[in-house]
K.L.:
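Below you'll find the structure I mean.
We name chains A, B, ... by the order of the sequence lines, and we start the count at 1 in each one.
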There are 2 protein chains.
Amino acid sequence: MSTATITSDALAQKLADSGLRATPQREVVYSVLLKKRDHPTADEVFARVKPDLPTISLATVYNCLETLVQCDLVRAVNFERGPTRYCPNLQPHAHFHDEQTGKTHDIDLPPEVLEKVSSVLPRGYDAKSVEIIFRGKATKAHN
Amino acid sequence: MSTATITSDALAQKLADSGLRATPQREVVYSVLLKKRDHPTADEVFARVKPDLPTISLATVYNCLETLVQCDLVRAVNFERGPTRYCPNLQPHAHFHDEQTGKTHDIDLPPEVLEKVSSVLPRGYDAKSVEIIFRGKATKAHN
DNA sequence: TTTCTCTTTAGAATAATTCTAATTATCACT
DNA sequence: AGTGATAATTAGAATTATTCTAAAGAGAAA
């Protein structure tokens with residue numbers, strides 16, 4: 001496969017690796033994240049999943065999202081106190097939060113920038129992840 | 001003055017600049033943040049302020065903190081879904097969130113790193129702030 | 001003083017998320 | 001195919017952090 005995303009079988013595999021099952025709910029939640037990559041909230045995912053699985057509950061959506069985050073298939077992103085948003089982009093990237101539109105943009109992070117950022121950590125700090133969030137406004141072109 | 005912090009008069013001045021008054025509540029809340037710079041939550045600030053102002057309410061603590069953030073005297077910091085924490089450090093710095101202890105450490109950000117980070121933004125993205133959060137564990141020495 | 005605005009206060013309301021207990025589905029074995 | 005064990009889903013209650021509301025208090029200005 002050439003993309004960074006994952007087939008349904010591969011999803012099943014990833015889940016199995018963690019001793020978890022591939023359920024319709026998990027598959028649909030994941031596919032919904034892949035289909036429209038606009039960093040939806042749990043509520044938004046809930047709404048998008050319902051046409052396919054009319055009886056799914058919001059709690060299940062939360063459970064599935066949490067599961068996908070645990071399996072490293074999805075990243076959870078938080079802006080201030082807003083609801084958590086979910087992002088299936090597995091490349092290292094920062095987030096740009098547009099205050100006008102409320103939209104979130106992925107910003108690619110070249111390895112050398114990541115490295116420079118990590119270099120600020122004094123001895124004795126062992127980071128296993130870093131999150132970079134810009135806040136500001138983006139021009140029309142980026143809507 | 002040699003420090004990055006601010007006298008009570010200067011606080012009054014900063015507030016006045018925004019058309020706000022220097023109240024005992026605001027002064028005590030601010031002084032509590034300066035005294036113990038461990039990124040307390042609103043609840044923790046509330047507890048620390050009470051000995052001085054036994055009748056203060058939690059809503060007022062939220063109000064004061066918000067006011068100080070508006071005046072650029074304090075930064076609000078969020079980790080995941082946890083409660084907002086407050087930080088009177090005005091220098092550009094990142095945060096390191098120690099998952100073992102729950103403690104938050106300020107990590108100085110040299111200008112050239114800040115610049116490198118900002119350089120990842122494509123044309124058309126106008127960031128007015130950037131927040132960098134590391135997550136991991138710190139050695140004993142940093143407790 | 002009187003008035004006007006800003007601030008504080010207590011408690012109610014809200015929003016997002018997590019928890020609980022019951023049901024349902026799936027798996028591993030026979 | 002049947003049975004028990006385990007995992008997952010569900011609806012609704014509960015929780016947490018925060019914000020809102022309406023009333024009371026305080027300070028500056030007229």
Side-chain angles (χ1 to χ4, degrees), chain A residues 8 11-30 32 39-50 52-71 73-86 102 104, chain B residues 8 11-30 32 39-50 52-71 73-86 102 104:
Chain A
S8 171
L11 166 59
Q13 188 52 56
K14 271 264 193 186
L15 286 165
D17 290 350
S18 314
L20 300 167
R21 294 172 187 167
T23 66
Q25 288 87 343
R26 287 172 179 166
E27 288 177 353
V28 174
V29 164
Y30 187 51
V32 147
H39 305 82
T41 64
D43 264 325
E44 288 164 348
V45 172
F46 184 44
R48 292 176 197 182
V49 155
K50 262 184 166 169
D52 254 325
L53 300 171
T55 67
I56 197 172
S57 81
L58 179 56
T60 299
V61 170
Y62 273 103
N63 291 341
C64 292
L65 289 169
E66 174 60 14
T67 298
L68 295 170
V69 169
Q70 291 314 308
C71 295
L73 287 168
V74 167
R75 265 172 75 181
V77 193
N78 290 281
F79 300 113
E80 250 110 73
R81 295 261 86 220
T84 301
R85 297 175 170 278
Y86 297 88
T104 300
Chain B
S8 173
L11 167 60
Q13 188 53 57
K14 271 263 192 187
L15 287 166
D17 290 349
S18 313
L20 302 167
R21 294 173 186 166
T23 65
Q25 289 87 343
R26 286 171 180 167
E27 287 176 354
V28 174
V29 164
Y30 186 52
V32 146
H39 306 83
T41 63
D43 265 324
E44 288 164 349
V45 172
F46 183 44
R48 292 177 197 182
V49 155
K50 263 186 164 166
D52 255 324
L53 300 172
T55 66
I56 198 173
S57 81
L58 179 56
T60 300
V61 171
Y62 274 102
N63 290 342
C64 293
L65 289 169
E66 175 60 14
T67 298
L68 294 170
V69 168
Q70 292 313 309
C71 296
L73 288 166
V74 168
R75 262 173 75 180
V77 192
N78 291 281
F79 300 113
E80 249 110 73
R81 294 260 87 220
T84 301
R85 297 174 169 280
Y86 297 88
T104 300

K.L.:
Using the side-chain heavy atoms of A/Arg21, tell me which of these nucleotides is nearest: C/dT18, C/dT9, D/dA8.
P.N.:
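Nearest nucleotide to the side chain: D/dA8.
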K.L.:
Measure from CZ on B/Phe46 to C1' on C/dT9 and round the result to the nearest Å.
P.N.:
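Result: 11 Å.
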K.L.:
Reading DNA chain C from 5' onward, which residue's closest nucleotide shows up sooner: A/Ala59 or B/Gln25?
P.N.:
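Nearest-nucleotide comparison on DNA chain C picks B/Gln25.
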K.L.:
Rounded to the nearest angstrom, tell me the gap between atom CZ in B/Arg81 and atom P in D/dT15.
P.N.:
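It is 19 Å, rounded to the nearest whole Å.
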K.L.:
Would you say A/Arg26's side chain and A/Leu68's backbone share a donor-acceptor pair under 3.5 angstrom?
P.N.:
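Flag not set: sc A/Arg26 to bb A/Leu68 has no pair under 3.5 Å.
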K.L.:
Of the listed nucleotides (C/dT9, C/dT17, C/dT7), which one gets closest to any side-chain atom of B/Thr23?
P.N.:
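Given the options C/dT9, C/dT17, C/dT7, the side chain of B/Thr23 is closest to C/dT7.
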K.L.:
For the pair made of CD in B/Gln70 and P in C/dC6, what is the distance, rounded to whole Å?
P.N.:
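Computing the B/Gln70:CD to C/dC6:P distance gives 16 Å.
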K.L.:
Of the listed nucleotides (C/dT8, C/dA16, D/dT10), which one gets closest to any side-chain atom of B/Arg26?
P.N.:
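For B/Arg26, the side-chain atoms sit closest to C/dT8.
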K.L.:
For the pair made of CZ in B/Phe79 and P in D/dA17, what is the distance, rounded to whole Å?
P.N.:
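After rounding, the reported distance stands at 15 Å.
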K.L.:
Starting at CG of B/Leu65 and ending at P of C/dT7, how long is that distance when rounded to a whole Å?
P.N.:
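Taking atom P of C/dT7 as the reference, CG of B/Leu65 is at 15 Å.
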K.L.:
Does C/dT8 have OP1 or OP2 sitting under 4.0 Å from an N or O in the side chain of B/Thr55?
P.N.:
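No, B/Thr55 has no side-chain N/O under 4.0 Å of OP1/OP2 on C/dT8.
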K.L.:
Examine distances only and state if a side-chain atom of B/Glu66 and a backbone atom of B/Asn63 form a donor-acceptor pair shorter than 3.5 Å.
P.N.:
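It does not hold such a pair.
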K.L.:
Considering only D/dT9, C/dT9, C/dT17, which nucleotide approaches the side chain of B/Thr60 most closely?
P.N.:
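Shortest atom-to-atom distance from the side chain points to C/dT9.
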K.L.:
Between atom CD of B/Gln25 and atom CG of B/Asp52, what is the distance when rounded to the nearest 0.5 Å?
P.N.:
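With rounding to 0.5 Å, CD (B/Gln25) is 11.0 Å from CG (B/Asp52).
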K.L.:
Within the 4.0 Å heavy-atom criterion, would you say A/Thr84 contacts the bases, only the backbone, or no part of the nucleic acid?
P.N.:
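Since only primed, P, OP1 and OP2 atoms lie under 4.0 Å of A/Thr84, the category is sugar-phosphate.
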K.L.:
Output the single nucleotide from D/dT10, C/dT9, C/dT17 whose closest atom is nearest the side chain of A/Ala42.
P.N.:
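So the nucleotide nearest the side chain must be C/dT17.
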K.L.:
Of all the heavy-atom pairs spanning B/Ala76 and B/Thr84, show the shortest one and how long it is.
P.N.:
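It is CB-CG2, 3.8 Å.
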K.L.:
Under 4.5 Å between any side-chain heavy atoms of A/Leu20 and A/Thr67, yes or no?
P.N.:
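Counting from C-beta outward, A/Leu20 and A/Thr67 do come under 4.5 Å.
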K.L.:
How many Å lie between OH on A/Tyr62 and P on C/dT20, as a whole number?
P.N.:
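Distance check: A/Tyr62 OH to C/dT20 P gives 17 Å.
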K.L.:
Check the distance between C/dT20's C1' and A/Asn63's CG and give it to me in whole angstrom.
P.N.:
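So the two atoms are 12 Å apart, to the nearest Å.
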K.L.:
Mind calculating the distance between CD1 (A/Ile56) and P (C/dA25) to the nearest angstrom?
P.N.:
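These atoms are roughly 14 Å apart.
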